[in-house]
Amino acid sequence: MEQPIYVIGHKNPDTDSICAALSLAELKRQLGQNAVAARIGHVNPETKFVLEKAGMEPPLHINTAKSTLAEIEIDQAVTVDKGATLRRGWDLLIENDAKTLYATDSEGNYSGLVTLGDISKIQMQDLNITRDLLKDTPVENFRAALRGTVLLEGTRPLSGEVRIADKKMMDRNLEGAIMVLNDHEDSMIKSMAKGAAMILIAENFVPNDYIIDMARNMGVTLITTPYNLMKIVQMVYRSIPIESIMLPASDMVQFSRDEFLEDVEREMLKTRHSSYPVVSQGRITGSVARYHLLKSSPKRFILVDHNEKKQTINDIDKGEIIEIVDHHRIGDITTSKPIQFRNMIVGSSCTIVGLMWQEYGLKMPENIAKLVIYAMISDTMNFNSPTCTPVDRMLAERIATEYGFDINAMAEELFANTATIKGKTVQQLTGTDSKEFNIGGHKVAISQTFVFNYDDIPAIRDELLDYMRQEAKSRRLDLFLMTFTNVEGRGSRFLAAGPEAARMRPVLDRFEDQGFVSRKKQIVPGLARELE
């Protein structure tokens with residue numbers, strides 16, 4: 001099966017990040033790729049509003065680049081009832097070109113496993129071992145393994161000894177024996193008289209009524225089979241139930257579909273089995289071997305709206321980055337081979353995605369066009385942000401004309417429904433759109449939220465500062481900024497915590513006076529001038 005390509009934005013995703021993942025994934029699908037939009041964090045209220053307006057579901061939530069068993073191709077498990085014959089097990093393995101058979105109970109729960117080698121060894125086992133196995137084998141198993149017909153099911157217990165008629169037959173102890181005989185009825189009578197418990201009769205021969213009545217009176221089982229004597233002797237040992245020789249589930253390493261490949265490999269190295277069961281809620285769901293891990297490929301990712309390792313999905317070194325689409329500074333992401341890297345000085349990652357649709361000559365579905373416009377409105381504060389460029393405005397005008405969108409009306413509705421801090425916890429305010437930076441050797445975190453006005457800030461100021469001080473200490477931040485930015489681009493207000501907060505207060509006051517709104521173009525560069 002073809003593994004998907006995950007198109008994913010940064011941690012604590014904003015509207016641009018989510019919409020870029022969805023719109024680029026759709027573009028890739030229309031280009032014939034198995035692309036899936038994904039996200040690392042939760043969808044914020046603004047993005048939920050946008051998704052609802054576009055009639056879209058949030059991207060798939062994933063939190064690690066490591067692959068699980070569910071994400072690679074493994075074998076379908078060959079299963080059999082644990083009471084079935086070894087012959088049935090052998091036939092299933094040959095039919096399916098498999099080497100491991102998984103036994104289940106009457107309710108379908110995984111009970112144990114048996115291998116082709118285990119079944120093969122039965123013919124070569126010490127007679128003491130096979131005798132013990134045969135004496136507990138049900139009559140139905142003998143019938144099934146020999147493709148025979150039960151003429152009579154008796155009551156004599158089996159000893160597990162398999163005997164044929166020979167010159168010394170009357171000198172042998174046949175108590176409970178399994179006799180393999182041809183059409184010599186005299187041998188049948190003598191065997192029963194010596195205590196035989198079962199007679200397997202070759203070539204579909206049916207004895208006369210006298211012998212059948214004698215067997216009934218003595219409690220002897222009679223089974224007639226189309227096989228000759230040699231075939232019966234060969235196949236009788238394959239009547240043994242699978243559960244008699246299987247490795248019980250409790251003694252075997254087993255895996256679940258959500259286990260990481262590196263953990264599976266580590267466990268496999270502790271044993272030497274060829275295949276291992278994959279189990280879910282007691283049911284066998286697949287069979288995995290070392291070669292499945294060796295031929296598996298890492299998860300593939302297209303990063304949107306970021307290109308820094310600290311902002312991307314966890315364990316990215318376990319995955320493979322095949323493309324980046326971003327409008328931020330170049331970060332520290334590295335790849336093992338050349339990739340497509342689209343980085344543009346524009347106000348929104350969705351601007352780049354919109355241009356890509358245009359370049360491929362494909363028309364965006366209307367819901368995708370809505371996502372692109374809403375993301376551009378959000379990331380450029382309705383095209384009033386310093387980060388906004390003529391390219392953003394040109395693309396927005398073209399989309400608005402093509403789809404009949406009223407951008408100002410869309411912006412007003414978006415901000416009226418989402419640009420508020422009422423009802424939000426301090427954790428939500430500081431975590432929804434938060435990014436970390438290394439500025440002049442200082443560890444700085446900047447959280448940003450958009451508001452219509454600043455009237456609601458005083459009510460939460462003290463609680464918010466207390467939380468920020470605790471976070472700065474626990475995360476070892478030199479500076480933690482909470483930025484409240486006017487949604488129409490009319491400036492920002494700042495709260496600061498951390499060791500550098502007092503020194504930066506005059507600087508932040510100056511940012512407020514100068515109407516700073518862009519974290520990327522104004523706030524971070526301004527802090528860099530002071531901290532470096």
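Everything quoted here is computed from the prediction, not taken from an experiment. Values reported hereafter were calculated over all heavy atoms of this structure, with side chains retained and with hydrogens, waters and symmetry mates removed.
With respect to the salt-bridge test (charged N to carboxylate O, under 4.0 angstrom), the residues Glu320 and Arg300 do not qualify. Using a cut-off of 4.0 Å between Lys/Arg side-chain N and Asp/Glu carboxylate O, Glu308 and Lys435 are scored as not salt-bridged.
Contact check for Met356 versus Leu27: side-chain heavy atoms found under the 4.5 Å cut-off. With contacts defined as side-chain heavy-atom distances shorter than 4.5 Å, the pair Leu86/Ile242 qualifies. Annotation: side chain of Tyr102 is not in contact with side chain of Gln254 (no heavy-atom distance under 4.5 Å). By the 4.5 Å heavy-atom criterion applied to side chains, Ile18 and Leu371 are not counted as neighbours. Residues Leu51 and Glu57 fail the side-chain proximity criterion, which asks for heavy atoms closer than 4.5 Å. Residues Leu134 and Leu158 have side chains not in contact (no heavy-atom distance under 4.5 Å, counting atoms from C-beta outward). Considering only heavy atoms from C-beta on, Asp75 comes within 4.5 Å of Tyr291 through its side chain. The closest side-chain heavy-atom distance from Leu261 to Glu265 is not below 4.5 Å.
Interatomic distance, CG of Leu113 versus CG of Leu247, reported as 5.0 Å (0.5 Å rounding). Separation of atoms CG (Asn63) and NZ (Lys11) is listed at 10.0 Å; rounding is to 0.5 Å. Separation of atoms CD (Glu471) and OG1 (Thr430) is listed at 6.0 Å; rounding is to 0.5 Å. One finds the CD1 atom of Ile324 at 11.5 Å from the OG atom of Ser349 (value rounded to the nearest 0.5 Å). Note that OG of Ser191 is 11.5 Å distant from CZ of Arg163, once rounded to the nearest 0.5 Å. The line from CE of Met188 to CG of Leu222 is 8.0 Å long, rounded to the nearest 0.5 Å.
Residue Lys318 places its NZ atom among 12 or fewer non-hydrogen atoms of other residues, nucleotides or ligands, all under 6.0 Å distant. Within a 6.0 Å sphere centred on NZ of Lys424, heavy atoms belonging to other residues, nucleotides or ligands number more than 12. The number of heavy atoms from other shown groups lying within 6.0 Å of CD (Glu95) is above 12. For Asp97, the CG atom counts as loosely surrounded, since its 6.0 Å shell holds 12 or fewer non-hydrogen atoms of other residues, nucleotides or ligands. For Gln428, the CD atom counts as densely surrounded, since its 6.0 Å shell holds more than 12 non-hydrogen atoms of other residues, nucleotides or ligands. Few gaps surround NE2 on His61; more than 12 heavy atoms of other groups in view lie less than 6.0 Å from it. A 6.0 Å sphere centred on NZ of Lys194 holds more than 12 heavy atoms belonging to other residues, nucleotides or ligands. For CD of Glu107, the number of neighbouring non-hydrogen atoms (other residues, nucleotides, ligands) closer than 6.0 Å is 12 at most.
Of the possible donor and acceptor atoms, none in the side chain of Glu71 sits under 3.5 Å from a partner among the backbone N and O of Lys299. Checked by atom type and distance alone, the side chain of Asn343 pairs as donor or acceptor with a backbone atom of His328 at under 3.5 Å. Although no hydrogens or angles enter the test, the distance criterion places no donor-acceptor pair under 3.5 Å between the side chain of Glu267 and the main chain of Val264. Of the possible polar contacts, none joining the Asn12 side chain to the Gly41 backbone as a donor-acceptor pair under 3.5 Å is found. Ser378 places no side-chain N or O within donor-acceptor distance of the main-chain N or O of Tyr374, the cut-off being under 3.5 Å. Judged by distance alone, with hydrogens and angles left aside, the side-chain atoms of Asn44 form no donor-acceptor pair with the main-chain N or O of Asp14 at under 3.5 Å. Judged by distance alone, the side chain of Ser256 and the main-chain N or O of Ser280 form no donor-acceptor pair under 3.5 Å. Remark: side-chain polar atoms of Asp332 are paired, donor with acceptor, to backbone N or O of Lys309 under 3.5 angstrom. In this structure, the side chain of Thr137 engages the main chain of Leu133 through a donor-acceptor pair within 3.5 Å. Between the side chain of Thr418 and the backbone N or O of Pro45, no donor-acceptor pair lies under 3.5 Å.
Between the side chains of Thr15 and Thr47, at least one donor-acceptor pair of N or O atoms lies under 3.5 Å.
Of all non-hydrogen atoms in Ser274 and Thr100, the two that sit nearest each other are OG-OG1, 3.6 Å. Nearest heavy atom pair, residue Pro207 against residue Glu185, reads CA-OE2, 3.4 Å.
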Could you walk me through whether Leu200 and Tyr227 pass the side chain to side chain contact (heavy atoms under 4.5 Å, CB included) test, one step at a time? CA-CA 10 Å; Leu200 305 177; Tyr227 298 147; over 6 Å; no
What verdict does the side chain to side chain donor-acceptor pair (under 3.5 Å) test give for Asp379 and Ser348, after you've listed the backbone C-alpha separation in whole Å, the side-chain angles of each residue and the deciding distance to 0.1 Å? CA-CA 6 Å; Asp379 237 30; Ser348 165; 4.6 Å; no
Applying side chain to side chain contact (heavy atoms under 4.5 Å, CB included), run through Cys350 and Ser23 and close with a yes or a no. CA-CA 8 Å; Cys350 275; Ser23 53; 4.2 Å; yes
From CA spacing to verdict: side chain to side chain contact (heavy atoms under 4.5 Å, CB included), Val114, Leu93: CA-CA 10 Å; Val114 63; Leu93 289 172; 5.7 Å; no
Can you list the steps and then say if Ile5 with Lys28 is a side chain to side chain contact (heavy atoms under 4.5 Å, CB included)? CA-CA 9 Å; Ile5 299 169; Lys28 295 296 182 179; over 6 Å; no
Please set out all donor-acceptor pairs under 3.5 angstrom arising from side-chain atoms of residues 142-153, sequence neighbours excluded.
| residue | atom | partner | partner atom | Å |
| --- | --- | --- | --- | --- |
| Arg143 | NE | Glu140 | OE1 | 3.1 |
| Arg143 | NE | Glu140 | OE2 | 3.2 |
| Arg143 | NH2 | Glu140 | OE2 | 2.7 |
| Arg147 | NH1 | Ala144 | O | 2.9 |
| Arg147 | NH2 | Asp91 | OD2 | 3.4 |

Please tabulate, for side-chain N and O atoms in residues 168-178, each donor-acceptor pair with protein atoms closer than 3.5 Å (sequence neighbours left out).
| residue | atom | partner | partner atom | Å |
| --- | --- | --- | --- | --- |
| Arg172 | NE | Asp166 | OD2 | 3.4 |
| Arg172 | NH2 | Asp166 | OD2 | 3.0 |
| Asn173 | OD1 | Glu175 | N | 3.1 |

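Checking each of Asp263, Val288, Thr285, Asp258 against Leu69 for a side-chain contact (heavy atoms from CB on, under 4.5 Å) leaves exactly one that passes, namely Val288. Each of Ile313, Ile333, Asp326 was checked for a side-chain contact (heavy atoms from CB on, under 4.5 Å) with Leu303, and the lone residue meeting it is Ile333. Checked against Glu436 for a salt bridge (Lys or Arg N to Asp or Glu O under 4.0 Å), the options Lys310, Arg476, Arg475 give a single hit: Arg475.
Ring orientation note: the planes of His10 and His306 are nearly perpendicular, at an angle over 60° on the 30°/60° scale.
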